[in-house]
Amino acid sequence: MSVSGHDNSGAGAPRPADFIRDIVAGDLAAGRCKRVRTRFPPEPNGYLHIGHAKSICLNFGIAREFGGVCNLRYDDTNPMKEEPEFVDAIYEDVRWLIAGWADHCLGLKPRGKKPETIVTDGKPDFYLGPVTKGDAHCDAWPDDTLEPFYASDYFEQLYQYAVQLIKKGKAYVCDHTPEEVDKMRGAPDRPGKPSLYRDRSVEENLDLFARMRAGEFPDGSRTLRAKIDMSSPNVWLRDPVLYRIRHAEHHHTGKEWCIYPTYDFAHCLSDYIEGVTHSICTLEFEVHRPLYDWILENLELPRPLPRQYEFARLNLSYTVMSKRKLMQLVTEGYVSGWDDPRLPTIRGLRRRGVTAEAIRAFAYNIGITKYNALTDVAAFEHAIRDDLNKRALRRLAVLQPLRLVITNYPEGKTELVEAVNNPEDPAAGTRRVPFSRVLYIERSDFMENPPPNYFRLRPGGEVRLKYAYIVRCDEVVKDAAGNVVEVRCTADLGSKTGGPTAARKVKGTIHWVSAEHAFEAECRLYDRLFTVPEPDAEGDFIKYLNPNSLQVVTAKCEPSLMDAKFGEHYQFERLGYFVLDKDSGSKLVFNRTITLKDSWAKQAQKG
RNA sequence: UGCCCGAUGGUGUAACGGUAGCACAGCAGACUCUGGAUCUGUUUGUCCUGGUUCGAAUCCAGGUCGGGCAGCCA
């Protein structure tokens, strides 16, 4: 299905395609919210991957389909794990992925801006709304004056919310060590024991919490905890930690803080402060939802509260997705870096030549459910081919060259044959490709003793040279070791495209380049990184690494490829889709994004 | 073991009490100056057992299987 096939940007109500969109549509119809606001909240502790892309497509997709906004927010509440390197990379990847599709729904904020204290229904309130390119006044906000949201920008407000909770007797400072807290939490089937500090007075709690902030206590010595229910069957309701002490420098707030809110405390309130209506996350947060609601409901919040909904994260066969495993592949050198074309990272896929449109189409096709599925990479590969087939410029290149000499073709003669740039898109026009007496063809397009269903070149057989002549193989030249080093042919000189015998039917058509005109380029042939569908199912995933995931060859390319542009997609006819790699210098480097579907290889394997 | 969630062809999904559909993969054929693309046809499915109902993938009960949760990670 094409991307435009599900483009809901036009008139008419979008057709809800999954249970979350159903909910959003219902809330809008019932007036429970005026305008939908979602958010994409990555923690800046790693690079984004195809799994994040699913979430981005969902959150931004909902925003654009329902005329809302999706805030990009760094969920940066843990200074030990986060780095500016990731902050920048995430922003870049998100923008690349939604460009031309949902960039008008990208919720940002004026650089440096923090929540404002406002009054809502007579009550004090904190609010920080988004600015988008879709806004009427977007001209007032040149690119560099806007930035994503940071949960860390709300630390002051979060602190005040915590104080409010303390004043209401709903939170207390706990002096137990991490080990004690752990032990006292009990087990899923066994209630926990209350903290010895659970019944401290409000005054003492306020004092201690202020001193925690002031830096009087060492890391881990105290926490702020919610006072909920130590015997709750949901362990996340057993007085969860809201604040912990970390004398660490934060990438965004520097040394301003030495206490940091936990995910549970920060996330729901960040959603609230930003006016998020639908907070969509993955299944593992399902058990946190009661806590998400508890925090919001136990504070005096005058505006409508955000609601959390969960969906199943993406699992893709033949790949690994966890941050830890991706990190290991990078740091232990199994791949060249975070943008290695074999990685499922956004930048890896991008470098590989996968388009944002293909990723979006894939995300749309797999749908959104609560079922923990394993999606076949074949579905992703289909989306990639489907997109590239429509846009790629066709070119001729030979990966494993074999000399072919046309004995009845004059030496020194060069013809320019007309070649179609893209049969799927007539507007792409044609180009001229030099043809001469000595060519290179693909080694695999000639077989001395072929199986019966082989219909490329064989001794005595005929084959069409794409865009040029039909040739017959008369003679095979071998080296001392018996390897075929050259095939000698005669051409049917009237069979050139448009010629008198051009209509003759020959079974096979092969690609070629003119030896004297071709130039050499490095081609990096990528394949799946793993050899098994579930590399991380059990044990060491490293042992399932595909030793042939990268193969480097020197290809012979048609001259027009000299002008290859970065970001342009090419189909080397009969071989696959390629893009120019950033490593290109005086010698060009092409990455193979993906092969063409090859039913011959499958058939040959069977036979 | 306690709580929460889920289960529809090989895979991913739709059907919201009324003919089980779509996509991927597979297979077969047509077409093709890419063994690509395109087109056509096609194999395969409601976890189990009861119940409600004229009628159940859908509602109810019990079971089975799978996933998640006991970080001062997110």
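Proteins get letters first, then strands, A, B, ... in listed order; numbering begins at 1 in each.
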K.L.:
When the P atoms of U40(B) and G45(B) are considered, how many whole Å apart are they?
P.N.:
24 Å

K.L.:
Give me the distance, rounded to whole Å, that separates U49(B) from A57(B) when you measure between the P atoms they each carry.
P.N.:
13 Å

K.L.:
Between residues 505-512 of chain A and RNA chain B, which residues have a heavy-atom gap below 4.0 Å?
P.N.:
K505(A), T509(A)

K.L.:
By nearest heavy atom, map T497(A) and Y371(A) onto RNA chain B; which one lands nearer the 5' end?
P.N.:
Y371(A)

K.L.:
C69(B) and A37(B): how far apart are their C1' atoms, nearest whole angstrom?
P.N.:
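After rounding to an integer number of Å, I get 48 Å for this pair.
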
K.L.:
Which part of the nucleic acid, if any, lies within contact of F455(A), taking any heavy atom under 4.0 Å across all strands shown: a base, the sugar-phosphate backbone alone, or nothing?
P.N.:
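Contact class for F455(A): base.
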
K.L.:
Hey, is the side chain of D22(A) pairing donor to acceptor with the base of C16(B) inside 3.5 Å?
P.N.:
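Side chain to base: pair found, below 3.5 Å.
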
K.L.:
Would you call G71(B) syn or anti, using the 90° rule around 0?
P.N.:
syn

K.L.:
Show me the dot-bracket string of RNA chain B, counting Watson-Crick or G-U pairs under 3.5 Å, with | for pairs to another strand and [ ] for crossing ones.
P.N.:
.((((((..((((....[..)))).(((((.......)))))....(((((..]....))))))))))).....

K.L.:
Can you tell me how far P in A15(B) sits from the matching atom in U8(B), rounded to whole Å?
P.N.:
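These two P atoms come out 14 Å apart once rounded.
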
K.L.:
Can you sort out which residues in residues 38-46 of chain A have a heavy atom within less than 4.0 Å of RNA chain B? Ascending by number, please.
P.N.:
E43(A)

K.L.:
Does the cation-pi check pass for R39(A) over F149(A), that is, NZ or CZ under 6.0 Å from the six-membered ring centre and within 45° of its axis?
P.N.:
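No cation-pi geometry.
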
